[in-house]
Every structure is written in C-alpha cells, then in structure tokens.
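Quantities reported herein were computed from a predicted structural model and do not represent experimental measurements. First listed ligand is number 1; within each ligand, the first listed atom is number 1. These values consider heavy atoms only, across backbone and side chains, with no hydrogens, waters or symmetry-generated copies.
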Amino acid sequence: KALYRPLGRLRTTTTAPTITTLPYWGQTAASFYSTSANVSPPQKWSHPPSTAAVTDDEIVDLSNKHQHSLSLADLVKHGRPPLSSEALYQSANFTLSLLPIRLARRIQALRNLPFIVVSNPNISKIYNNYLHSLSTLLPWKHRTIGNLDAEIRFTSVLAELVATHQDTIPILAKGFLECRRYISPSEVTRFLDEHLRARIGTRLIAEQHIALHYSSAPHFDPASSPTPCPEHPSYIGVIDTALCPAQLVDSCANWVAELCELKYGVRPRWIIDGEPDTQFAYVPMHLEYIITELLKNAFRATVENRRNREPVVITVAPEPPDAGPPRVTLRPPAEDMGAFRSEDIKPLDDNAPGVTIRIRDRGGGISPDVLPNVWSYSFTTFSDYEVPGGSEGGGGGMMGSEALSLISGANGGGSSIAGLGYGLPLSRAYAEYFGGGINVQSLHGWGTDVYLRLKGVGKIQ
Ligand code: ADP
Ligand code: K
Ligand code: MG
C-alpha cells in the first residue's frame with residue numbers, strides 16, 4: 001500500500017530541497033527500499049540524477065498558475081506566413097507565456113506517481129527531460145522577445161525542446177512495463193492518457209512557432225534562416241488549410257507496405273474510394289500518425305490472415321459543415337477525462353467541415369477476448385516469432401514482454417509493424433484532440449472496420 005503514496009505528499013513532510021542536487025530522492029528511495037521487505041527494485045533504480053537549475057518553488061508556482069485554455073484561433077491569430085517581424089515576435093512571446101506552465105504541470109504529474117515508479121531509470125529520464133526543458137525556458141521568463149536575434153535564439157531553444165522529447169513514448173512505454181509490479185494498469189492508463197494528450201498540445205504550440213519562424217524569417221532577413229521552408233501556400237505553421245486526406249493515406253500506405261515487405265516479404269494492396277478529392281483544414285502530422293498506425297494494424301491482420309489478395313479499402317467521406325449530427329457515432333469521451341479535457345485545443349468552429357475515413361480489412365477481425373483490451377496502452381497480440389497465418393488471430397494477447405524487447409531495439413517501435421501496443425490508444429488521443437474520434441468494429445472471422453472521424457480545425461482567414 002505504501003508504494004502508492006504519492007511523491008508530492010512525501011515531499012512536504014521533509015525540508016524542501018531544490019532539484020538542483022536531488023539528494024532527497026536518492027535518500028528517500030534508498031531508505032524506502034531498505035525498509036520495504038516485500039519489494040526491492042533492481043539495484044540500478046537509484047535516483048534520478050539531475051543538473052537542472054529549477055527550484056521546487058518555481059515549479060509549484062508555475063503549475064499553480066492559470067493554464068490558458070488554448071484555442072486553435074490562438075495558433076493562427078498571427079496571420080498567414082510570411083509574418084511581419086512584429087507578428088513573429090508576438091507569436092514567440094505568446095509561445096513563451098504558455099510553455100513553462102504546461103511543462104511545470106507535467107513535472108507535477110510525474111511527481112505524483114508513486115516514487116518507486118519515478119525512480120525507474122526510464123521514467124526518471126522523462127522527468128529530467130521536463131526539468132531540463134523548463135530550465136532552458138526560465139531565463140526567458142522576464143524578457144520580451146522584440147528583435148530578430150532574440151527570436152532566433154528563442155526558436156532554437158524551442159527546437160531543442162521538441163528534439164529532447166522526441167523519444168518520450170518508447171521510453172515511457174519501457175519504463176511503465178518495467179514498473180508493472182508497482183502500479184496498476186488503470187493508473188498507468190490514466191497517467192498516460194493525460195500525459196500524452198497534454199504532450200500533443202505542448203508540441204503543437206512549440207512546433208507552430210518553429211514553423212511560423214521558418215516560413216517567415218527569410219522574408220525579412222534572408223540571412224537569418226539557413227533552411228528556408230519550401231513554399232506551402234496552404235499552410236499556417238503546422239496546419240494545412242487544404243489537407244487532402246486521400247493523398248496522405250496513399251503515402252502512408254506506401255510506407256507501411258514497405259514495412260510489411262521487410263517483415264513478412266509481402267506487400268498488401270489497398271484501394272482508396274469515396275470522395276478522394278476531399279480537403280479540410282487539419283494538422284498533417286497528427287493525421288499521418290493516426291493513419292500510419294491504423295494501416296499497420298490493417299496490413300498486419302491482412303498478411304497474418306493470409307488475405308494478401310484482398311485489398312484494404314479506405315473510404316474517404318467528407319462531412320459538410322451543415323451535415324447535422326455525425327454520420328458515424330463514436331464513443332462519447334471517457335468520463336475520467338473530464339479533469340484534463342480543458343487542456344485540449346478547441347477547434348475554431350464547431351461546424352467546421354470534417355471528414356470520416358473508414359479503413360476496412362479482411363484480416364479476420366478481433367476475437368471477443370482480445371477486443372476489450374485493444375485500447376489499453378501496452379496491450380498487443382503481436383509476436384515477433386509469429387508465422388504469417390500460423391494461428392487464428394493471436395490467441396489471448398499479452399502485456400508487454402514482446403513490447404519490452406521491441407522497444408529495446410534501435411528504432412523504439414516507431415518503424416515496427418506492431419508490438420508497442422500504443423497504436424490504437426494514442427491514435428484515439430490524437431483524433432479526440434480536435435473533437436473527433438475512432439471506433440473499431442470487428443466481425444470476428446472476417447475482418448475489421450475502423451472509423452476515424454475528424455473534425456476540421458475550422459475556417460482560417
Ligand atoms: P499493436 O499494433 O502494437 O499491437 P495497437 O494498439 O495498434 O497495438 O493494437 C492493439 C491490438 O489490437 C493488436 O495487437 C491487435 O491484436 C488488435 N487489432 C488492432 N487492429 C486490428 C485489425 N485491423 N485487425 C485485427 N486485430 C487488430
Ligand atoms: K493497445
Ligand atoms: Mg498497431
């Protein structure tokens with residue numbers, strides 16, 4: 001029971017240390033381990049080393065500040081690129097006003113995990129990444145960015161921040177798998193769902209300014225940017241106001257087919273039908289993530305079920321602005337998300353045109369004993385040793401041991417056909433971010449239909 005005592009509460013009973021040195025965690029963890037008869041974590045789980053110059057007080061102060069609930073209007077309010085230098089500085093200052101609070105809140109959320117979990121080397125690496133990123137932003141706190149030189153330096157801080165958190169997902173996945181004995185699956189799910197959704201927003205904010213910088217800076221100072229962006233007239237930062245989902249599906253399918261060829265020696269076929277000319281305003285990076293994960297699942301099922309000659313059919317159906325209620329009903333957002341949904345970015349306008357994409361495979365569907373688990377982080381039926389078509393549908397499924405070996409590999413799961421068990425839940429987090437959703441319909445013994453509904457981000461001037 002004591003294992004689940006939140007770190008935050010323990011901290012207040014001791015004299016407040018600064019995180020600069022972190023003797024506290026080492027001592028606490030060590031004394032805890034020595035008095036705990038039942039559970040002794042591996043020797044290597046000592047304490048999170050850190051050199052970040054952020055004090056506890058600063059973190060608590062920041063995380064208690066009001067978190068501006070961001071709208072997409074905020075992200076595009078600076079106008080279409082190329083921005084004027086003034087608009088670019090405004091965007092930088094706005095970004096600066098948002099990020100420290102968001103990072104501090106993530107740090108607090110990590111601290112509220114049982115400390116035995118935060119002591120895990122992988123989780124503490126993520127924790128320290130957040131501390132580090134916050135420490136790189138704090139020197140800017142009392143400054144106003146008002147010249148190009150400052151703006152360039154600030155943008156490079158943002159770029160480093162985005163790069164630092166690049167591999168968060170496989171590292172967290174590995175950490176939580178290693179902590180399976182110390183934290184319940186539902187606690188992991190609650191933490192990850194909140195954490196990964198908040199991360200989507202934080203990255204979006206940082207990447208939006210970086211993109212605005214690269215599409216604007218060359219226009220008023222050609223020397224400022226070594227890599228001017230190719231012209232994307234329909235882009236505002238990372239938002240494509242005329243995104244064509246069918247094109248994106250096709251390029252993702254090509255990539256996933258390559259993966260299949262590498263893994264199974266087979267290249268599944270696919271067909272795009274419906275209204276492939278549909279366009280809407282959305283964040284291509286998000287759609288790319290979702291579609292890639294859904295196609296990995298569909299292609300894998302197709303190949304493992306020896307249905308290679310049956311194409312996966314992807315139907316693109318536009319949802320006109322005045323279509324009334326959505327044509328596909330998806331689950332309502334889970335109740336326990338209420339606490340953090342306010343962090344999500346709202347679409348510009350609730351009646352914006354959207355799109356529904358159905359991915360239909362003949363890969364045998366999902367057996368009833370597997371189906372209830374598919375939305376859990378780390379749940380997978382993938383086995384690296386599986387022979388295509390060898391068993392029907394993967395048996396009972398499992399949590400993680402395969403995933404662990406997969407993540408330990410060089411690529412961290414991202415370019416594997418399956419195995420991390422994050423594809424469905426994380427895709428759903430992306431889809432729900434702007435008010436969309438994902439629904440899986442399985443006809444066991446036959447195939448699976450996945451409905452992805454996306455609300456467009458709205459009309460942008
Ligand atoms: P992963 O693909 O890494 O296993 P996911 O979250 O993407 O993780 O999927 C979880 C599980 O759901 C898969 O392991 C598989 O058993 C099942 N699944 C998902 N999509 C399909 C599909 N189209 N056909 C059959 N099974 C599927
Ligand atoms: K899963
Ligand atoms: Mg998958």
Output yes when the distance from some N or O of ligand 1 to some N or O of [X] is under 3.5 Å, and no in every other case.
X      : result
Ala418 : no
Arg300 : yes
Gly419 : yes
Gly421 : yes

Between O of Gly421 and O of Ser376, what angle is found at the K ion (ligand 2), rounded to 10 degrees?
->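 My answer is 80°, to the nearest 10°.
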Please state the angle at the K ion (ligand 2) spanned by O of Val374 and O of Phe379: what is it, rounded to 10 degrees?
->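 That angle works out to 130° after rounding to 10°.
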Quick check on contacts: which atoms of ligand 1 are under 4.0 angstrom from a heavy atom of [X]?
X      : value
Ala301 : 24 (N), 25 (C)
Asp361 : 22 (C), 23 (N)
Gly423 : 5 (P), 6 (O), 7 (O)
Pro425 : 6 (O)
Thr381 : 13 (C), 14 (O), 15 (C), 16 (O)

Between His209 and Phe94, does a ring pair (Phe, Tyr, Trp, His ring centres under 6.0 Å) hold up when you go through it step by step?
-> CA-CA 9 Å; His209 181 75; Phe94 180 64; over 10 Å; no
Would you check if there is a donor-acceptor pair between the side chains of Asn129 and Thr164 at a distance under 3.5 Å?
->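 The criterion, which ignores hydrogens and geometry beyond distance, is not satisfied for Asn129 and Thr164.
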Going by atom types only, do Ser63 and Arg105 share a side-chain donor-acceptor pair under 3.5 Å?
->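 Side-chain D/A pair, Ser63 to Arg105: absent.
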How about Tyr422: does one of its N, O or S atoms come closer than 2.8 Å to the Mg ion (ligand 3)?
->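 Given the 2.8 Å cut-off, Tyr422 does not count as a ligand of the Mg ion (ligand 3).
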If you measure from [atom] to every heavy atom of [options], which option wins on shortest distance?
atom                    : options                        : answer
atom 4 (O) of ligand 1  : Leu371, Asn373, Val450, Thr380 : Thr380
atom 9 (O) of ligand 1  : Leu295, Asp449, Leu420, Leu424 : Leu424
atom 25 (C) of ligand 1 : Gly363, Gly365, Ala298         : Gly365
atom 21 (C) of ligand 1 : Ile359, Val374, Asn297         : Asn297

Are the side chains of Glu194 and Arg106 in touch, meaning some heavy atoms are under 4.5 Å apart?
->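 Glu194 reaches Arg106 side chain to side chain.
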Indicate yes or no: at least one non-hydrogen side-chain atom of Ile314 is less than 4.5 angstrom from one of Asp273.
->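 With C-beta onward as the side chain, the pair stays apart.
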Indicate the ring-plane relationship of His286 and Phe434, choosing parallel, tilted or perpendicular according to the 30° and 60° boundaries.
->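 Judged by the thresholds at 30° and 60°, the geometry between His286 and Phe434 is parallel.
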Among Phe191, Tyr182, Tyr377, Tyr422, ring pair (Phe, Tyr, Trp, His ring centres under 6.0 Å) partner for Phe176 =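 Only match with Phe176 under ring pair (Phe, Tyr, Trp, His ring centres under 6.0 Å): Phe191.
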Looking only at non-hydrogen atoms, find the nearest pair between Thr380 and Phe382 and report the distance.
->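 Reported closest heavy-atom pair: OG1-N, 2.9 Å.
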Cation over ring, Lys263 on Phe299, under 6.0 Å and within 45°?
->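 Judged by the rule (NZ or CZ under 6.0 Å from the ring centre, within 45° of its axis), Lys263 is not positioned above Phe299.
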Check: Ala198 main-chain N/O paired with Arg102 side-chain donor or acceptor under 3.5 Å =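 Yes: the side chain of Arg102 pairs with the backbone of Ala198.
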Keeping the roles fixed (side chain from Glu319, backbone from Thr356), state whether a donor-acceptor pair exists under 3.5 Å.
->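 Answer holds: no.
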Report yes or no: does [X] have an N/O/S atom closer than 3.4 Å to the K ion (ligand 2)?
X      : result
Trp375 : no
Tyr377 : no
Leu424 : no
Gly423 : no

Would you call Glu293-Lys296 a salt bridge at under 4.0 Å N-O?
->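 Salt bridge between Glu293 and Lys296, a charged N being under 4.0 Å from a carboxylate O: yes.
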